[in-house]
Amino acid sequence: MIEPSLLSSNLMNVGQDLRIIEKCGIERLHIDVMDGKFVPNLAFSPNFTAQLNKKTNLFLDCHLMTYRPEKWVDCFDEAGANLITVHVESTPHIYKVIQQVKDLHKKVGIALNPGTSLSSIKWLLSLVDQVLIMTVNPGFGGQNFITEMVNKILALKQLRQESGTDFQIEVDGGITSETIKPCMQAGADVFVAGSFIFNNTKIEEKIKQLQQIDNLKEE
């Protein structure tokens, strides 16, 4: 499943870009939320998400790259988030935050930075709908894919099989028509792509390139 990230889009033309994305059969959008503390950048507020929710029926995957995400969960619930993902590194109370999201009857995900071990989430896997493996250091678009993360994706897939859970594996960072292939082969289900899709004038063409590769997984 391809999930365009609006972080790399031209926000002056977001309405036009949404129409192109929807035309391509995309079902989900990735909304990067940054507080300038957990990561050295600022992006996408609850208000932006609420306004976006009025313009599209796409599933909104809100990725909270913020310290103390428990302070933000209710705001993004009210803004229309369908899935709220929080970083295991961002709070000392990750179980409590997961439960907070579940109590709102929203899907919940947990994210890991490249340097964070899978052992930190082993006991949480039965509680979540999605695990996000960051394949770049979070905070900025346009970074190069960290190839070592392919083995991390593979290890997470093995954990999923061993635990009998059914969460989706999402990857985010440096996803292109080339890097999507090893991620797919390792077991990833959802592919977040920003710069590859939006850093040109051929959004539809770039999406179709990724979809063509992703479709091979189903064959």
Side-chain angles (χ1 to χ4, degrees), residues 1 3-7 27-139 152-153 156 159-160 163-173 188-192:
M1 185 181 298
E3 190 171 293
S5 170
L6 290 183
L7 185 65
E27 298 177 358
R28 297 171 36 146
L29 281 179
H30 195 81
I31 311 299
D32 288 303
V33 181
M34 305 182 189
D35 64 355
K37 297 178 181 179
F38 183 70
V39 293
N41 202 357
L42 293 168
F44 302 145
S45 66
N47 182 60
F48 172 84
T49 304
Q51 295 302 314
L52 186 66
N53 193 41
K54 294 177 181 179
K55 292 182 175 293
T56 183
N57 292 320
L58 294 176
F59 183 99
L60 301 183
D61 178 356
C62 292
H63 175 195
L64 305 190
M65 288 173 273
T66 66
Y67 276 122
R68 304 304 296 268
E70 54 267 36
K71 296 180 179 180
W72 293 99
V73 165
D74 288 346
C75 295
F76 281 92
D77 168 54
E78 294 172 4
N82 299 106
L83 186 152
I84 297 175
T85 297
V86 297
H87 273 260
V88 68
E89 308 94 349
S90 67
T91 174
H93 305 294
I94 187 65
Y95 181 91
K96 181 179 179 180
V97 181
I98 289 172
Q99 194 59 55
Q100 181 183 1
V101 178
K102 291 172 74 72
D103 286 346
L104 294 168
H105 305 290
K106 294 296 175 76
K107 292 185 179 297
V108 60
I110 44 177
L112 296 91
N113 288 337
T116 302
S117 170
L118 291 176
S119 62
S120 64
I121 63 167
K122 184 176 181 179
W123 307 111
L124 303 172
L125 296 178
S126 64
L127 304 174
V128 300
D129 300 288
Q130 180 172 279
V131 177
L132 169 55
I133 299 294
M134 291 301 301
T135 46
V136 299
N137 293 304
K152 194 174 187 179
I153 298 164
L156 180 58
L159 272 178
R160 181 170 63 182
S163 62
T165 49
D166 61 355
F167 58 86
Q168 291 185 310
I169 299 174
E170 182 178 62
V171 290
D172 180 6
D189 308 294
V190 183
F191 309 93
V192 178

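Scope of the values below: all heavy atoms of this structure, side chains included, with no hydrogens, waters or symmetry mates.
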*Run the side chain to side chain contact (heavy atoms under 4.5 Å, CB included) check on Leu52 and Leu29 step by step: do they pass?*
CA-CA 10 Å; Leu52 186 66; Leu29 281 179; 4.1 Å; yes
_Less than 4.0 angstrom from a charged side-chain N to a carboxylate O is my criterion; do Asp35 and Lys71 meet it?_
no
*Minimum side-chain heavy-atom gap Lys152-Leu112 below 4.5 Å*: yes
*Say whether Glu70 and Gln100, considering side chains only, have a donor N or O and an acceptor N or O under 3.5 Å apart.*
no
*Are any side-chain N or O atoms of Thr165 and backbone N or O atoms of Ser126, one a donor and one an acceptor, separated by less than 3.5 Å?*
no
_Distance in Å, Phe191 CZ paired with Glu3 CD, rounded so as to fall on 0.5 Å steps_ = 11.5 Å
*Begin with the C-alpha distance, continue with both residues' side-chain angles, and end with the deciding distance and a verdict on side chain to side chain contact (heavy atoms under 4.5 Å, CB included) for Val88 and Thr116.*
CA-CA 9 Å; Val88 68; Thr116 302; 3.9 Å; yes
*So, do Asn137 and Asn113 sit near enough that their side-chain heavy atoms are less than 4.5 Å apart?*
no
*Applying salt bridge (charged side-chain N to carboxylate O under 4.0 Å, His left out), name anything that partners Asp32, two or more places apart in sequence or on another chain.*
none
*Which atom of Pro4 lies closest to which atom of Arg28, heavy atoms considered*: CD-O, 3.4 Å
_Leu104 side, atom CG; Asp77 side, atom CG - distance, nearest 0.5 Å_ = 4.0 Å
*Evaluate the ring planes of Trp72 and Phe76, with Trp represented by its six-membered ring, and classify them as parallel (under 30°), tilted (30 to 60°) or perpendicular (over 60°).*
tilted
_Close side-chain approach of Val86 to Thr91, heavy-atom, < 4.5 Å_ = no
_Aromatic ring pairing His87/His63, orientation class (parallel under 30°, perpendicular over 60°, tilted between)_ = parallel
_From CA spacing to verdict: side chain to side chain contact (heavy atoms under 4.5 Å, CB included), Glu170, Asp61_ = CA-CA 11 Å; Glu170 182 178 62; Asp61 178 356; 2.8 Å; yes
*What distance do Leu64 atom CG and Ile31 atom CD1 have between them, rounded to the nearest 0.5 Å?*
11.0 Å
_How about NZ on Lys107, more than 12 heavy atoms from neighbouring residues, nucleotides or ligands closer than 6.0 Å, or not?_
no
*Minimum heavy-atom distance Pro114-Pro138, with the two atoms named*: CD-CD, 4.2 Å
*Rounded to the nearest 0.5 Å, what's the gap from CG on Leu156 to OG on Ser163? Could you check?*
8.5 Å
*How close do Ala43 and Leu7 get, heavy atom to heavy atom, and via which atoms?*
CB-CD1, 3.9 Å
*Side chain proximity check, Leu83 to Val101, heavy atoms < 4.5 angstrom*: no
*Got a donor-acceptor contact below 3.5 angstrom from the Asp129 side chain to the Gly109 backbone?*
no
*For Lys102 and Val108, indicate whether the former's side chain and the latter's backbone hold a donor-acceptor pair under 3.5 Å.*
no
_Tell me if the CD atom of Gln99 is crowded by more than 12 foreign heavy atoms within 6.0 Å._
yes
_I need the Ile110 CD1 to Ile94 CD1 distance, nearest 0.5 Å._
6.5 Å
*To the nearest 0.5 Å, how far apart are CE in Met65 and CG in Asp172?*
6.5 Å
*Please check if the side chain of Ser117 supplies one atom and the backbone of Ser120 the other of a donor-acceptor pair under 3.5 Å.*
no
*Any donor and acceptor pair, going by atom type alone, linking the side chain of Thr66 with main-chain N or O of Met34 inside 3.5 Å?*
no
*Under the side chain to side chain contact (heavy atoms under 4.5 Å, CB included) criterion, do Phe167 and Ile169 qualify, and how do the steps go?*
CA-CA 7 Å; Phe167 58 86; Ile169 299 174; 3.9 Å; yes
*Answer yes or no: is there a side-chain heavy-atom contact under 4.5 Å between Asn82 and Leu58?*
no
*Main-chain N/O of Asn53 paired with Thr56 side-chain donor or acceptor, under 3.5 Å*: no
*asked:* Just to verify, what does Thr49 make a side-chain hydrogen bond (donor to acceptor under 3.5 Å, both in side chains) with, not counting sequence neighbours?
replied: none
